[in-house]
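Notes for the one structure printed next.
Remember, it's a predicted structure, so these values are computed and weren't measured experimentally. Nothing fancy with the numbering, it's 1 onward along the sequence.
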Amino acid sequence: MALYAIGDLHLAMSVNKPMDVFGPGWSNHAQRLEEAFSHLGEGDMTVLCGDLSWGIDFSESLADFQFIDRLPGKKIIVKGNHDYWWNTAAKMRRFFQENGLTSLEILHNNACFYGDWALCGTRGWFYEEEASGHNEKVLNREVGRLEASLRAAEGRPILAFLHYPPLYTGYRCPEIIGKLEEYHVQRCFYGHLHGPTHKRAVEGRVGGVAYSLVAADYLGFTPKKILE
């Protein structure tokens, strides 16, 4: 049994959103994901750090989630900025149940657990949100969701999973970083950065938290093993 993380699957089984327009590195990426996951076991767990499906609602995203559900092991889902299908937790759980998607669990205002570890997370916040007209209210909501998740750890050692990077060459989100450090998060995994922005990712320990980029194209579409 092992714990893995990967983000930004950007699946589009039912919509016209080919990812290879972003470069040859994305060619056949769904098949590459399927091959990489084939080496995992049914007892393994993978945290998916957002941007899973290009579908704008449940009907458009169903084929993508059926693909994810067929992959080995349990999948823990975090929201990404392009997950337009995202809905209330109750509606998402009903959608999963009604469609026999039994391997999926939502990480949103809660914590999940792997052995003695608490898995906490939320979408997060990034400077792009300011440029798109979002405001302090949205930032505060994400900080609150992160804190609700961290509190749910109930004293266990914590691994955090975000979609947006909390820090980046030339950028920091002090509100998010502050919560990670306040709750003594040991490692933080994030996605969102693609292509040329990979070189601006922060990898390694900063202020007591070890950061890792797990965007799918950064990992070569192979989930990153975190724990045995």
Practice task
Could you go through the side chain to side chain contact (heavy atoms under 4.5 Å, CB included) check for Lys91 and Phe58 one step at a time?
Solution key: CA-CA 10 Å; Lys91 288 182 179 179; Phe58 288 156; 4.3 Å; yes
Problem - Student check: side-chain heavy atoms of Asp51 and Asn81 closer than 4.5 Å - result: yes
Practice task
Say whether Leu48 and Leu227 are linked into one hydrophobic cluster, either directly or through other cluster members, by side-chain heavy-atom distances under 4.5 angstrom.
Solution key: yes
Exercise for the section: Give the ring-plane orientation class for His194 versus His192, where under 30° counts as parallel, over 60° as perpendicular and anything between as tilted. Expected result: tilted
Problem - Spacing of CD belonging to Glu147 relative to OG1 belonging to Thr122, to within rounding of 0.5 Å - result: 12.0 Å
Practice task
Identify the two heavy atoms, one from Ala5 and one from Phe161, that lie closest to each other, and give their separation to 0.1 Å.
Solution key: CB-CE2, 3.9 Å
Practice task
Could you state whether Val15 and Tyr84 fall into the same hydrophobic cluster, counting links through intermediate Ile, Leu, Val, Met, Phe, Trp or Tyr residues with side-chain heavy atoms under 4.5 angstrom apart?
Solution key: no
Exercise for the section: List the steps and the verdict of ring-ring contact (aromatic ring centres under 6.0 Å, His included) for Phe95 and Trp85. Expected result: CA-CA 11 Å; Phe95 166 64; Trp85 54 269; 7.7 Å; no
Handout entry: Flag, side chain of Asn99 to backbone of Leu101, donor-acceptor distance under 3.5 Å
Key = no
Practice task
Work out which heavy atom in Arg205 is nearest to a heavy atom in Gln186; give both atom names and the distance.
Solution key: NH1-O, 3.9 Å
Practice task
Enter the distance from Leu213:CG to Tyr190:OH here, rounded to the nearest 0.5 Å.
Solution key: 5.0 Å
Exercise for the section: Taking the side chain as every heavy atom from C-beta outward, state whether Phe96 and Ile77 have any atom pair closer than 4.5 Å. Expected result: yes
Handout entry: Non-neighbouring partners of His198 that pass side-chain hydrogen bond (donor to acceptor under 3.5 Å, both in side chains), sequence neighbours left out
Key = Asp217
Practice task
Kindly say whether Gly41 contributes a backbone atom to a donor-acceptor pair with the side chain of Asp44 at under 3.5 angstrom?
Solution key: yes
Exercise for the section: Give a yes or no on whether a salt bridge exists between Glu182 and Lys179, defined as a side-chain N under 4.0 angstrom from a carboxylate O. Expected result: yes
Problem - Path from Ile6 to Met1 over hydrophobic side-chain contacts below 4.5 Å - result: yes
Exercise for the section: Verify side chain to side chain contact (heavy atoms under 4.5 Å, CB included) between Ile158 and His184, making sure each step is shown before the conclusion. Expected result: CA-CA 7 Å; Ile158 300 172; His184 306 292; over 6 Å; no
Exercise for the section: Step by step, work out the side chain to side chain contact (heavy atoms under 4.5 Å, CB included) result for Trp117 and Ile226. Expected result: CA-CA 11 Å; Trp117 291 86; Ile226 300 171; over 6 Å; no
Practice task
To the nearest 0.5 Å, tell me how far Ser61 OG sits from Trp86 CH2.
Solution key: 11.5 Å
Practice task
Looking only at non-hydrogen atoms, find the nearest pair between Tyr211 and Pro166 and report the distance.
Solution key: CE2-CG, 3.5 Å
Practice task
Find out if a path of hydrophobic residues (ILVMFWY) with successive side-chain heavy-atom gaps under 4.5 Å connects Ile56 to Met19.
Solution key: no
Handout entry: Check: Val47 and Leu159 side chains under 4.5 Å, non-hydrogen atoms
Key = no
Exercise for the section: Indicate yes or no: at least one non-hydrogen side-chain atom of Asp83 is less than 4.5 angstrom from one of Arg123. Expected result: no
Practice task
Find the distance between SG (Cys173) and CG (Leu139) and round it off to the nearest 0.5 Å.
Solution key: 5.5 Å
Problem - Interatomic distance, Phe67 atom CZ to Leu11 atom CG [nearest 0.5 angstrom] - result: 5.5 Å
Handout entry: Residue pair Ala2 / Lys225: nearest heavy atoms and the distance that separates them
Key = CB-CE, 4.1 Å
Exercise for the section: Answer yes or no: is there a donor N or O on one side and an acceptor on the other, between the side chain of Arg200 and the main chain of Thr197, under 3.5 Å? Expected result: no
Practice task
Could you tell me whether the side chain of Glu60 and the main chain of Trp54 form a donor-acceptor pair under 3.5 Å?
Solution key: no
Practice task
Step by step, work out the side chain to side chain contact (heavy atoms under 4.5 Å, CB included) result for Tyr218 and Leu193.
Solution key: CA-CA 8 Å; Tyr218 182 75; Leu193 303 182; over 6 Å; no
Exercise for the section: Give a yes or no answer on whether the side chain of Ser149 reaches the backbone of Gly121 with a donor-acceptor pair at less than 3.5 Å. Expected result: yes
Exercise for the section: Would you check if the distance from the ring center of Phe126 to the ring center of Tyr171 is below 6.0 Å? Expected result: yes
Practice task
Decide if atom CD of Gln66 counts as having more than 12 heavy atoms of other residues, nucleotides or ligands within a radius under 6.0 Å.
Solution key: yes
Exercise for the section: Please examine the side chains of Val143 and Ile176, heavy atoms only from C-beta on, and report whether any two atoms are closer than 4.5 Å. Expected result: yes
Exercise for the section: With sequence neighbours left out, write down each residue that passes side-chain hydrogen bond (donor to acceptor under 3.5 Å, both in side chains) with Lys75, or none if nothing qualifies. Expected result: Ser103
Handout entry: Neighbour count >12 (heavy atoms, 6.0 Å) for atom CZ, Arg156
Key = yes
Handout entry: 4.5 Å side-chain heavy-atom contact, Val78 and Leu162
Key = no
Practice task
Would you mind reporting whether Met92 and Lys79 have side-chain heavy atoms less than 4.5 Å apart?
Solution key: no
Exercise for the section: Measure the shortest side-chain to side-chain distance between Phe65 and Leu104 over non-hydrogen atoms and say whether it is less than 4.5 angstrom. Expected result: yes
Problem - Shortest non-hydrogen separation from Pro72 to Glu42 and the atoms involved - result: CA-OE2, 3.5 Å
Practice task
Hey, could you give me the CG/CZ distance between Leu107 and Arg145, rounded to the nearest 0.5 Å?
Solution key: 12.0 Å
Problem - Sequence-distant partners of Ser53, side-chain hydrogen bond (donor to acceptor under 3.5 Å, both in side chains), two or more places apart - result: Asp64
Problem - Minimum heavy-atom distance Cys112-Glu105, with the two atoms named - result: SG-OE2, 3.4 Å
